[in-house]
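Treat the numbers as computed from the prediction; the structure is a model and nothing was measured.
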Amino acid sequence: MSASTAHASVKRLNSAGLIHTRGGQHHANLDAIEEFLVHGVRYAFPAQIARRMRGMPTAHSAPILCEALSGHEDPLIWPLRSGTMVGEALEPLIHSAAAIAERTPRLYDLLAIVDTIRVGTARDREVAASLLRQRLHAPHA
């Protein structure tokens, strides 16, 4: 990503109220981020579900949510050749989601939670929103 692209992105985030800039430092506005993810992400980034293939589980199929949201027949996955599950492919929010998730379990959980908000039923979204709030406002390890 070029410096100008990064600068423009930060400017848009600041304008949208998702970050605050004080003294040259950028700080996440967690309340605004939570509100956008819980109420807006499914409209801004509608889910695109494709054919069945091998991949990494996401949404209700991900380890963080599969027990709380049991009862779904078809698993949802991010396409990944070395994936552990076959299911309907969900276009991830970011192209490299599966690769990032393999290296960063905490981010994997967050992306799977957001995918549940994007594709889930009202009950699924409620469970996912609760998990999202817990993780956004938890102290970082």
Suppose the criterion is ring pair (Phe, Tyr, Trp, His ring centres under 6.0 Å): which pairs have a residue in residues 98-133, not counting sequence neighbours? Trp78-Tyr108
So, the side chain of Ser9 versus the backbone of Thr5: is there a donor-acceptor pair under 3.5 Å, distance only? yes
Heavy-atom donor-acceptor pair, Arg125 side chain to Gly120 backbone, under 3.5 Å: yes
Could you go through His26 and Asn14, starting from their C-alpha distance and side-chain angles, then the distance that decides it, and tell me whether this counts as side chain to side chain contact (heavy atoms under 4.5 Å, CB included)? CA-CA 9 Å; His26 306 294; Asn14 201 358; 5.5 Å; no
Is it true that, when you exclude Glu102 itself, more than 12 heavy atoms of the residues, nucleotides or ligands shown sit nearer than 6.0 Å to its CD? yes
Taking 4.0 angstrom as the limit, do Asp115 and Arg118 come out as a salt bridge? yes
Would you compute the distance between atom CZ of Arg133 and atom CD1 of Ile113 and round it to the nearest 0.5 angstrom? 11.5 Å
Looking only at atom types and distance, does a side-chain atom of Ser130 sit under 3.5 Å from a main-chain N or O of Glu126, one as donor and one as acceptor? no
When you look at NE2 of His137, are more than 12 heavy atoms from neighbouring residues, nucleotides or ligands closer to it than 6.0 Å? yes
Transitive ILVMFWY cluster of Ile49, excluding itself - 4.5 Å side-chain cut-off: Leu76, Leu90, Val119
Using a cut-off of 6.0 Å, state whether more than 12 heavy atoms not belonging to Phe45 lie near its atom CZ. no
Using a 6.0 Å cut-off, check whether atom NE2 of His7 has over 12 heavy atoms from anything other than its own residue. no
